[in-house]
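Just so it is clear, the structure is predicted and the values come from calculations on it, not from any experiment.
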Amino acid sequence: MKVGPAFPSAYDSSAAYSRLQSARAKLVTDQMPVAAGAATITADRAAVVTAEAEVARIEAERAAAIVQFQRSGRFLDVFA
């Protein structure tokens, strides 16, 4: 019998969330007066959008994997 993890590490979104938080923090900092020019703020906004899309993609893949696993019937409920 082969046993694998229910949720592969490919669905670990902690790094993606970290990148999203960093991008948001940089955007907030750069929006302060005289902190950065318009091009920098635009680049920061693009980084936030990219990070949000990455988090959404990972969460969607995780949700799809959960649904597929639940439909497979290859699990066992254990009650202690």
Side-chain angles (χ1 to χ4, degrees):
M1 180 171 144
K2 182 177 180 182
V3 178
F7 304 109
S9 60
Y11 301 119
D12 182 20
S13 58
S14 60
Y17 276 113
S18 177
R19 284 190 291 277
L20 177 57
Q21 289 175 338
S22 295
R24 285 180 175 164
K26 185 167 177 10
L27 175 60
V28 168
T29 302
D30 286 345
Q31 284 181 334
M32 292 179 189
V34 302
T40 303
I41 292 172
T42 301
D44 290 348
R45 286 184 179 149
V48 168
V49 170
T50 301
E52 288 173 344
E54 181 183 11
V55 168
R57 180 190 56 80
I58 290 171
E59 293 299 328
E61 287 177 3
R62 178 185 299 173
I66 290 170
V67 169
Q68 183 180 10
F69 178 71
Q70 289 173 340
R71 288 182 181 167
S72 71
R74 296 181 298 181
F75 54 90
L76 177 67
D77 289 334
V78 178
F79 297 98

**Check: Ser18 side chain, Ser14 main-chain N or O, donor-acceptor pair, under 3.5 Å** = no

**Request:** State, yes or no, whether a side-chain contact exists between Asp44 and Thr40 at a heavy-atom distance under 4.5 Å.
**Result:** yes

**Fill in**
Here the gap from Leu20 atom CG to Arg24 atom CZ, rounded to the nearest 0.5 Å, amounts to 4.0 Å

**Complete:** Rounding to 0.5 Å, atoms CD (Gln31) and OG1 (Thr29) come to a distance of 9.5 Å

**Inter-residue atom distance Ile66.CD1 - Arg71.CZ, 0.5 Å rounding** = 12.5 Å

**Request:** To the nearest 0.5 angstrom, please state how far the CZ atom of Arg62 sits from the CD atom of Glu59.
**Result:** 4.5 Å

**Asked** How many angstroms lie between atom OH of Tyr17 and atom CD of Glu52, to the nearest 0.5 angstrom?
**Response** 11.0 Å

